[in-house]
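Have a look at the structure below, then the notes.
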Amino acid sequence: MTASAPVLVASDLDRTLIYSAAALSLGLPDAKAPRLLCVEVHEGKPQSFLTETAAGILAGLAGSPHAVFVPTTTRTRKQYRRINLPGPPARYAICANGGHLLVDGETDRDWHASVRRTLAAECAPMAEIQDHLRRTADPRWLLKVRDAEDLFTYLVVERALLPDTWTKELADWAEPRGWTVSLQGRKLYAVPRPLTKSAAVAEIARRTGAGTVLAAGDSLLDADLLLAADRGWRPGHGELADTGWSAPHITALAERGVSCGEEILRAFAAHARPH
């Protein structure tokens with residue numbers, strides 16, 4: 001890395017940097033709980049939080065001339081735009097698991113067209129996947145079927161009633177069709193295999209001349225992002241932790257919940273400083 005090359009910090013958002021009330025896992029007496037900052041409101045209700053300490057670290061990181069902070073999420077653009085993170089707006093952001101690369105808040109149309117061509121060439125069409133989901137899902141635990149920007153699909157399920165065997169059978173069925181399956185809380189995602197966060201991050205690294213890529217994430221949809229980074233962190237909760245996933249350059253943190261988001265941001269800030 002040259003002295004002038006920025007560090008690219010690509011981080012998943014939900015359950016990595018920001019947390020719903022149900023995912024906070026404070027683990028402290030109420031009187032000792034950290035002060036929280038709400039960074040997302042949905043339908044008039046507070047939705048996502050980080051600690052005030054984490055907010056300060058993130059604001060410094062996002063404003064650093066030595067770093068390029070890139071929110072990297074499976075959320076759709078509409079869902080992402082509800083989030084109001086501390087610090088200056090991110091120049092680049094990745095939505096829809098890499099399907100949309102935003103530059104100053106707007107979709108890069110050339111990137112999106114390239115993604116569409118790849119999916120059409122390498123994967124079964126989404127209509128086939130959704131038809132299979134609707135035919136095989138049990139109404140007792142299926143709450144909703146959602147189309148995410150016509151790029152991937154997900155189910156909202158009653159997790160306690162969802163059989164583990166169904167998820168495994170779906171993954172086995174989807175694999176030869178070029179799709180992957182990821183279960184995150186009450187959402188079960190079916191995503192085309194070439195639709196990756198890492199590909200979009202590599203494009204941003206190329207554009208910015210970044211010399212090092214740092215990354216963090218908690219789910220199987222973040223595994224490719226973490227593997228492609230020079231250094232990465234994963235929380236003590238989530239799909240990756242539950243399966244014991246790791247790699248030599250990945251730090252598996254023990255912290256869980258919103259305090260882990262703060263720990264990840266401290267690590268980002270420490271490694272993004274010029275040495």
Side-chain angles (χ1 to χ4, degrees), residues 10 12-14 72-80 93-102 107-138 142 144-157 162-206 213 215 217-229 232 234 238-240 242-243 245 247 250:
D12 175 51
L13 296 178
D14 294 281
T72 307
T73 181
T74 304
R75 286 181 178 229
T76 64
R77 290 170 294 173
K78 181 179 178 181
Q79 292 167 335
Y80 168 70
I94 294 164
C95 293
N97 215 63
H100 285 282
L101 193 165
L102 306 188
T107 291
D108 183 307
R109 297 190 180 280
D110 289 342
W111 172 260
H112 183 63
S114 173
V115 169
R116 290 276 185 196
R117 287 193 297 270
T118 299
L119 300 189
E122 298 182 18
C123 307
M126 192 166 78
E128 179 182 340
I129 307 302
Q130 286 189 321
D131 179 64
H132 179 81
L133 292 174
R134 288 193 172 95
R135 284 188 293 103
T136 60
D138 191 326
L142 177 64
K144 299 173 186 174
V145 180
R146 288 285 185 256
D147 172 343
E149 308 228 36
D150 200 30
L151 288 164
F152 63 92
T153 187
Y154 63 93
L155 310 182
V156 181
V157 302
L162 176 68
D164 292 339
T165 52
W166 191 86
T167 304
K168 170 87 167 56
E169 288 165 3
L170 175 63
D172 290 343
W173 177 87
E175 197 274 335
R177 291 165 174 80
W179 288 66
T180 59
V181 172
S182 173
L183 180 61
Q184 302 177 40
R186 296 169 66 240
K187 293 180 180 177
L188 190 147
Y189 292 88
V191 179
R193 192 180 300 111
L195 187 68
T196 63
K197 294 177 177 181
S198 60
V201 167
E203 174 63 13
I204 296 171
R206 185 188 67 79
V213 175
D218 71 297
S219 83
L220 290 174
L221 293 176
D222 298 311
D224 69 283
L225 171 67
L226 292 168
L227 287 173
R234 69 144 172 89
E239 275 185 315
L240 298 180
D242 291 346
T243 58
W245 184 95
I250 303 302

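Owing to the predicted nature of the structure, the values given are computational and were not obtained by experimental measurement. Residues: numbered from 1 along the sequence shown.
- Taken to the nearest 0.5 Å, the CG atom of Leu188 stands 5.0 Å off from the OG1 atom of Thr167.
- Annotation: side chain to side chain contact (heavy atoms under 4.5 Å, CB included) contacts of Ala127 (sequence neighbours excluded): none.
- For Arg135, the salt bridge (Lys or Arg N to Asp or Glu O under 4.0 Å) criterion is met by Asp131, not counting sequence neighbours.
- The structure places CG of Leu195 at 11.5 Å from CD of Glu122, a figure rounded to the nearest 0.5 Å.
- Between Leu119 and Pro194, the closest side-chain pair of non-hydrogen atoms falls below 4.5 Å.
- The closest donor-acceptor contact from the side chain of His100 to the backbone of His112 lies at 3.5 Å or more, if one exists at all.
- The ring pair (Phe, Tyr, Trp, His ring centres under 6.0 Å) test applied to Tyr80 returns no partner, not counting sequence neighbours.
- Note that the CG atom of Leu151 and the CZ atom of Arg116 stand 4.0 Å from one another [nearest 0.5 Å].
- Contacts of Thr72 classified as side chain to side chain donor-acceptor pair (under 3.5 Å), with partners at least two apart in sequence or in another chain: none.
- The minimum heavy-atom distance between Asp150 and Asp147, with the atom names listed, is N-OD1, 2.7 Å.
- Looking at heavy atoms from C-beta onward, Gln79 lies out of side-chain contact with Thr73 at the 4.5 angstrom threshold.
- By the salt bridge (Lys or Arg N to Asp or Glu O under 4.0 Å) test, Glu149 pairs with Arg77, sequence neighbours left out.
- Side-chain contact between Leu220 and Thr180 is absent, with no heavy atoms from C-beta onward closer than 4.5 Å.
- When the side chain to side chain contact (heavy atoms under 4.5 Å, CB included) test is applied to Thr196, the partners found at least two apart in sequence or on another chain are Ser198, Ala199, Asp224.
- One finds the CD atom of Glu203 at 9.5 Å from the CG atom of Asp110 (value rounded to the nearest 0.5 Å).
- Judged as a side chain to side chain contact (heavy atoms under 4.5 Å, CB included), and not counting sequence neighbours, the contacts of Lys144 are Arg146, Val156.
- Gly99 and Val115 make their closest contact through CA-CG1, 4.2 Å (heavy atoms, listed as atom of the first residue, atom of the second, distance).
- Applying the salt bridge (Lys or Arg N to Asp or Glu O under 4.0 Å) test to Arg117 and every residue at least two apart in sequence or in another chain returns nothing.
- Heavy atoms only, all atoms of each residue included: Leu227 and Ala247 are closest at CD2-CB, 3.9 Å.
- Checking side-chain atoms of Thr74 against main-chain N and O of Asn97 turns up no donor-acceptor pair under 3.5 Å.
- Of the inter-residue distances, the one linking Trp111 atom CH2 with Leu102 atom CG reads 12.5 Å to the nearest 0.5 angstrom.
- In this structure Gln130 satisfies the side chain to side chain donor-acceptor pair (under 3.5 Å) test together with Thr153, sequence neighbours excluded.
- Residues satisfying the salt bridge (Lys or Arg N to Asp or Glu O under 4.0 Å) test with Asp242, not counting sequence neighbours, are none.
- Taking the six-membered ring for Trp and thresholds of 30 and 60 degrees, Tyr189 and Tyr154 have ring planes inclined between 30 and 60 degrees apart.
- Taking each heavy atom of Asp218 and Asp222 in turn, the nearest pair found is N-OD2, 3.0 Å.
- With values rounded to the nearest 0.5 angstrom, Leu13 atom CG is found 7.0 Å from Arg75 atom CZ.
- Shown here for Lys197 and Leu221, the closest heavy-atom pair between the two residues is CD-O, 4.1 Å.
- Among residues two or more places apart in sequence or in another chain, the side chain to side chain contact (heavy atoms under 4.5 Å, CB included) test is passed with Glu169 by Thr165.
- In this structure, Leu240 and Gly217 approach most closely via the heavy-atom pair CD1-O, 3.8 Å.
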For residues 170-177, which side-chain donor-acceptor pairs fall under 3.5 Å, sequence neighbours excluded?
residue : atom : partner : partner atom : Å
Asp172  : OD1  : Lys168  : NZ           : 3.4
Asp172  : OD2  : Lys168  : NZ           : 2.9
Glu175  : OE2  : Arg193  : NH2          : 3.4
Arg177  : NE   : Glu128  : OE2          : 3.0
Arg177  : NH1  : Trp173  : O            : 2.7

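- A donor-acceptor pair under 3.5 Å links the side-chain atoms of Glu239 to the main chain of Leu183, judged by distance alone.
- Judged by distance alone, the side chain of Trp179 and the main-chain N or O of Phe152 form no donor-acceptor pair under 3.5 Å.
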